[in-house]
Amino acid sequence: MYSGIPMNYNFNEIEKKWQDHWAKNQTFRAKNNCDQPKYYVLDMFPYPSGAGLHVGHPLGYIASDIYARYKRHKGFNVLHPQGYDSFGLPAEQYAIQTGQHPAVTTEENIKTYRRQLDQIGFSFDWSREVRTSDPAYYKWTQWIFIQLFESWYNNSSDKAESIDTLITVFETDGNAKVDAVCDDEIEVFTASEWNAFSIEQQQEILLKYRLTYLAETEVNWCPALGTVLANDEIVNGVSERGGHAVIRKKMTQWSMRISAYAERLLQGLDQIDWTDSLKESQRNWIGKSVGASVTFNVIPNDTGSAKYKIPVFTTRPDTIFGVSFMTLAPEHDLVSKITTDNQRAEVEAYIKATAKRSERDRMADVKTITGAFTGSYAEHPFTKEPIPVWIGDYVLAGYGTGAVMSVPCGDQRDYDFANHFNIPIPNIFEGIDISEEAYGAKDNVIIANSDFLNGLSYKEATKKAIVALEKLNQGEGKTNYRLRDAVFSRQRYWGEPFPVYYVNGMPQMIDTKHLPIRLPEVEKYLPTETGEPPLGRADVWAWCTESNTVVDNEKVNNTTVFPLELNTMPGWAGSSWYFFRYMDPTNDDVFAREKALTYWENVDLYIGGSEHATGHLLYSRFWVKFLKDRGFVSIEEPFKKLINQGMILGTSAFVGRIVATGDFDGSEDVQTIHTDFFVSKPYADLIISDAEKAKQLMEIIANHYSVENKDQKFARPFTIGVSPTHVKVQYVNASDELDIQGLKSDSEFGDDYKDAIFVSDTGAIITLDTDSDDTFKVSREVEKMSKSKYNVVNPDAICEQYGADSLRLYEMFLGPLEQAKPWNTAGITGVHGFLKKLWKLYMGDSGLNITDAEPSKDNLKTLHKTIKKVEEDIENFSFNTSVSTFMIAVNELTAQKCTSKAVLEPFLVLLSPYAPHITEELWSLLGHEASISTAAFPQFDANHLVESSKNYPISFNGKMKFTLELPLDMSKDDIEKTVMAHEKTIAQLEGRTPKKVIIVPGKIVNIVG
RNA sequence: GCUCAAGUGGCGGAAUUGGUAGACGCGCUGGAUUCAAAAUCCAGUUCCUUUGGAGUGUGGGUUCGAUUCCCACCUUGAGUACCA
């Protein structure tokens, strides 16, 4: 243990001491009953991966920790918790490979995370830790799922209500008047019909209304992962995790009726303080478009007499007279029904061809226009003219109705399609040329050739067209959203089990008082041979309605014991509400007690990565709105302010390996051979630009191989090039010089560098046993931090070598929080040196160097300008600039030889959010018993910054030439006189008379002429 | 293609109610200290053809004055992708 007062800054001892102290005294425990104003600072909780943290991960945590500590100094009761999103795919993939239970590896990974987090000195309230994979936690995830099941969305009240209110309506009035968000095509029934339905029939109907429902849906199936994926888990047509192929497949799945909340999710964005880009991605994801639904009647053809209707959605009902064809998605249900015999072969061939194209091909190739004519015609609602009905894969089955009214003059895709298939392109825009391309803009159009819409603008024509369509009963105004209901089932093991069992195929909820339903044990984490999810392997996975327990599968009799659901919940289930659990983490009666919920309300500041824009952040908002509707919480939005921290990139290091190209064996085949020669960066540049130098090196190489190794092939003429090869950044110093010995003896590279010959800056071969001055420089490049690029920097090593305070300061010092920026360990010596200077300022050479001396004017000026700047910076989340400010302050106070306690004590408080360990240590050396975190933030006093004079920049035509110290209270006239009389002014003017003299008192003087 | 960011020394970056461009730090150069190295300290460090001139991606514009405001363009990064 640490004792006495060391003269040197012994960060390892100091940091360990205070981390232990904080943990032991629960210094950062948030109070639930408190008169202080609350402040809730949250980080997006991590998935505990096996790789542990690299220096990029803590960036956001450091920023939020600074803010949390700052808010404590400002008198707030701060909730700053941390936990783990501990269900997830990687642990399960690892389990499949090794047989290790995911719970075991997860526990190990969490231990590593915790150790790494602890050593950085975060002020987390660990007494509130949550883990999504903990049954005490997922009990409530299951509970929320049940609440969603027991709810429907009433459009009339614009909120979710208990399913009981819906049943009451059905019992008394049937469903004709119900305005709900529900499945399409629900049959209308009366009250008496409802009451006559069997229980199963009733349940089947209710399922179409519930906010979470079981339905056969077309899903994104990932064969490699053996599970379905949500839209936001697919990036560029492949799985976000692992990059595996994804195909469309119909499966019975739990879904969440998030589409019910589309409008509120959109509107709510205006109420929250998020970045515009993040709000924009959510807006795009929700994808609201306002327009009309229009129904086209199919003209009965020779083969069929049925009267089919084609409903379409359009944002441009004003262009309805420009329709010259219709296009259906190839998957559209009507296609097979309306295709004429003549066209059947062609249509079927086309459908087959498009089905074969993967989603990825379709996305990659948007230029090729394909389609087929069905042979059928639809009737134009107004002109009654026949319109040919085509199919084409540019129309998406999943959006709108899967069919479009094609207006080639107003939509480029329709235009291209019409051109390709020689379909007429009628022009309905007055004075607009459409011979080259469609005119898609809505502004400044005047509709023509459109009967009763002639002469109208987009807005007027849209209104009028909708009214006319409504009169015909063939359309109405409609708003469409791109946002689809979210698939909630995963065919995986390591996730929350559903509290669901099946009676005659109908899902039944387990009563909430029997929760949690714990994840069963399985012997293998793979799907069953019959293709069921891993839970299908569990032996004890049936629900007994008598004992209300999970029992052996063999007991299933479908009268009292029923099979349980085999899917598990997706990763976003547990993370959609965890911020509430921190408020009351151990409560076993409710997910969080009301008192805690009303005190802490919502998250004031949320920091995390932007990759969660359309997943976690949208789902959380959805669940919170739902919980509010049902009266469980009182807030509408979970995260008031949100900041995305930028990614920290790695600075990769490369050694230039010489590759030789030539015909080495006389076979006349040109080969490229990787030699054992590596060249230093400056020399590599030289041989590329200087043929003479290259020749010299070639000779050396040829000699090496032919003489020493008796390898004749290099004696022939050849050419050389430099191939950059990644090496570990650990072997490179601040001057980009390589530790050759270190690299050679690194076991991870094996024998790669055993025979390596390193050529120095000057072109000399570096020998390791002589102490020459030859150095070898690597080339560098900024890339994403990743193990394969050997540029990963572990915070453990940084903490050991420089300390957590240095790490914290440096991460902030790198640049603006929200920007991506490269990490380069070399630069950390700057902030580390600052901490040493700070230590020296307080400790002197022979012990505490603090006196009760009156602070000087300069001391106070330095202190107060620092208070002002740091406070402004923290409020603006500009942490990088306050680190500079601290450096300037310490430089100034050192130069001023300041020893005044009245200045040095408050300065520690300013710095403590950034560098909590060293400030806590110095604070206690100053005689304080209580933690520095309890100290009040210093008060800024502008009086200390008042100046009597100003060093005016004197510019000529806007260019500053010299400065002049003048009193601040000097009048404009006097300033002009003084400046004009100055010898440097006279010299500048060279006899010219200035046209104008601009004087801004306290700012500048500009002489024009 | 569309949307949103961002372009400033060798590097990370600072400066925005328009007013001394390059703060702070890294690196580099020179010096002190040292047997030597590390560490520490001091000085210098945008560029150039240097009694001066140019300069914040490029070209224009507004202004006494533009990194900051306006217009056009270029480049890079992120997101999104046939959404009717």
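The figures that follow rest on heavy atoms only: side chains count, while hydrogens, waters and symmetry mates do not. Naming: A, B, ... by sequence-line order, numbering from 1 per chain. Note that the coordinates shown come from a computational prediction; the quantities given were computed from them, not determined experimentally.
In plain terms, the two heavy atoms of Ile320(A) and His380(A) that are nearest each other are O-NE2, 2.7 Å.
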What string of B, S and - do you get for nucleotides 38-50 of chain B, 5' to 3', if B is base contact, S is sugar-phosphate-only contact and - is no contact with any protein heavy atom under 4.0 Å? -SSS---------
Give the B/S/- string for nucleotides 5-19 of chain B, one per nucleotide from 5' to 3', where a protein heavy atom under 4.0 Å of the base yields B, of only the sugar-phosphate yields S, and otherwise -. -------BSSS-B-B
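Taking atom C1' in both G77(B) and G57(B), one finds a spacing of 15 Å when rounded to whole Å. With C1' as the reference atom, U75(B) and U63(B) are 29 Å apart, rounded to whole Å. One P atom belongs to C24(B), the other to C74(B), and the distance between them is 38 Å to the nearest Å. One C1' atom belongs to G22(B), the other to U68(B), and the distance between them is 15 Å to the nearest Å. Nucleotides G1(B) and A15(B) place their C1' atoms 37 Å apart, quoted to the nearest Å. Here, A66(B) and U56(B) have their P atoms 11 Å apart, quoted to the whole Å. Comparing the same atom, P, in G59(B) and in U8(B) gives a spacing of 16 Å after rounding to whole Å. Straight-line distance between the P atoms of C11(B) and U62(B): roughly 34 Å, to the nearest whole Å.
One can place CG of Leu649(A) at 12 Å from P of G77(B), the figure rounded to the nearest angstrom. When rounded to the nearest whole Å, the span between CG of Asp411(A) and C1' of G1(B) equals 14 Å. When rounded to the nearest whole Å, the span between CD1 of Ile888(A) and P of G25(B) equals 8 Å. Rounding to whole angstrom units, NE2 of residue His612(A) and P of A78(B) are separated by 18 Å. If you measure from atom NZ of Lys995(A) to atom P of U63(B), you get 14 Å, rounded to the nearest angstrom. Gln282(A) places its CD atom 17 Å from the P atom of C4(B), with the value rounded to the nearest Å. Whole-Å rounding puts the Met960(A) CE to G55(B) P distance at 16 Å. Whole-Å rounding puts the Phe834(A) CZ to G25(B) P distance at 10 Å.
Proximity note for Thr963(A) (side chain, C-beta onward) versus U20(B), G27(B), A84(B): the nearest is U20(B). Among A84(B), C82(B), U20(B), the nucleotide with an atom closest to any side-chain atom of Val404(A) is A84(B). Considering only side-chain atoms of Met887(A), the nucleotide from U3(B), U20(B), G25(B) that sits closest is G25(B).
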Show me the dot-bracket string of RNA chain B, counting Watson-Crick or G-U pairs under 3.5 Å, with | for pairs to another strand and [ ] for crossing ones. (((((((..(((......[....)))((((((.......))))))(((...)))..(((((..]....))))))))))))....
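Residues meeting the ring pair (Phe, Tyr, Trp, His ring centres under 6.0 Å) test with Tyr481(A), sequence neighbours left out: none. Considering only residues two or more places apart in sequence or on other chains, Lys789(A) meets the salt bridge (charged side-chain N to carboxylate O under 4.0 Å, His left out) condition with none of them. Partners of Glu947(A) under the salt bridge (charged side-chain N to carboxylate O under 4.0 Å, His left out) rule, at least two apart in sequence or in another chain, are Lys861(A). For the ring pair (Phe, Tyr, Trp, His ring centres under 6.0 Å) test, no residue two or more places apart in sequence or in another chain qualifies with His420(A). Scored by the salt bridge (charged side-chain N to carboxylate O under 4.0 Å, His left out) test, Asp270(A) finds Arg283(A) as partners (sequence neighbours excluded). For the salt bridge (charged side-chain N to carboxylate O under 4.0 Å, His left out) test, residues two or more places apart in sequence or in another chain that qualify with Asp318(A) are Arg316(A). Residues passing the ring pair (Phe, Tyr, Trp, His ring centres under 6.0 Å) test with Phe654(A), sequence neighbours excluded: His726(A).
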Would you tabulate the nitrogen or oxygen pairs shorter than 3.5 Å linking the protein to nucleotides 51-53 of chain B?
none

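Residues Lys959(A) and Asp414(A) both approach RNA chain B. Their nearest nucleotides, taken by heavy-atom distance, put Lys959(A) toward the 5′ side. Heavy-atom distances to RNA chain B give each of Met405(A) and Glu737(A) a nearest nucleotide, and the one nearer the 5′ end belongs to Glu737(A).
Under the 4.0 Å criterion applied to side-chain N and carboxylate O atoms, Asp736(A) and Lys681(A) are not assigned as salt-bridge partners.
At the phosphate of U80(B), neither OP1 nor OP2 sits under 4.0 Å from any side-chain N or O atom of Arg283(A).
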Is there a ring pair (Phe, Tyr, Trp, His ring centres under 6.0 Å) between Tyr802(A) and Tyr810(A) once you walk through the steps? CA-CA 10 Å; Tyr802(A) 300 99; Tyr810(A) 189 52; 8.8 Å; no
Kindly determine whether Asn480(A) and Ser289(A) satisfy side-chain hydrogen bond (donor to acceptor under 3.5 Å, both in side chains), including the steps that lead there. CA-CA 5 Å; Asn480(A) 216 13; Ser289(A) 20; 5.5 Å; no
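No more than 12 heavy atoms of other residues, nucleotides or ligands lie within 6.0 Å of CD in Glu983(A), so this atom counts as exposed by the packing criterion. Around atom CE of Met647(A), no more than 12 heavy atoms belonging to other residues, nucleotides or ligands sit under 6.0 Å away.
In this structure G9(B) sits in the syn conformation; its chi angle is within 90° of 0.
Asn8(A) contributes no side-chain N or O that, together with a main-chain N or O of Asn10(A), makes up a donor-acceptor pair within less than 3.5 Å.
Relative ring orientation between Phe886(A) and Phe907(A) is described as perpendicular, the plane-to-plane angle rising above 60° on a 0-90° scale split at 30° and 60°.
As judged by a 4.0 angstrom heavy-atom cut-off over every strand, Asn891(A) is placed among residues touching the sugar-phosphate backbone only.
Applying the salt bridge (Lys or Arg N to Asp or Glu O under 4.0 Å) rule to pairs touching residues 872-896 of chain A yields Lys865(A)-Glu892(A), Lys868(A)-Glu872(A), Lys869(A)-Asp873(A), sequence neighbours excluded.
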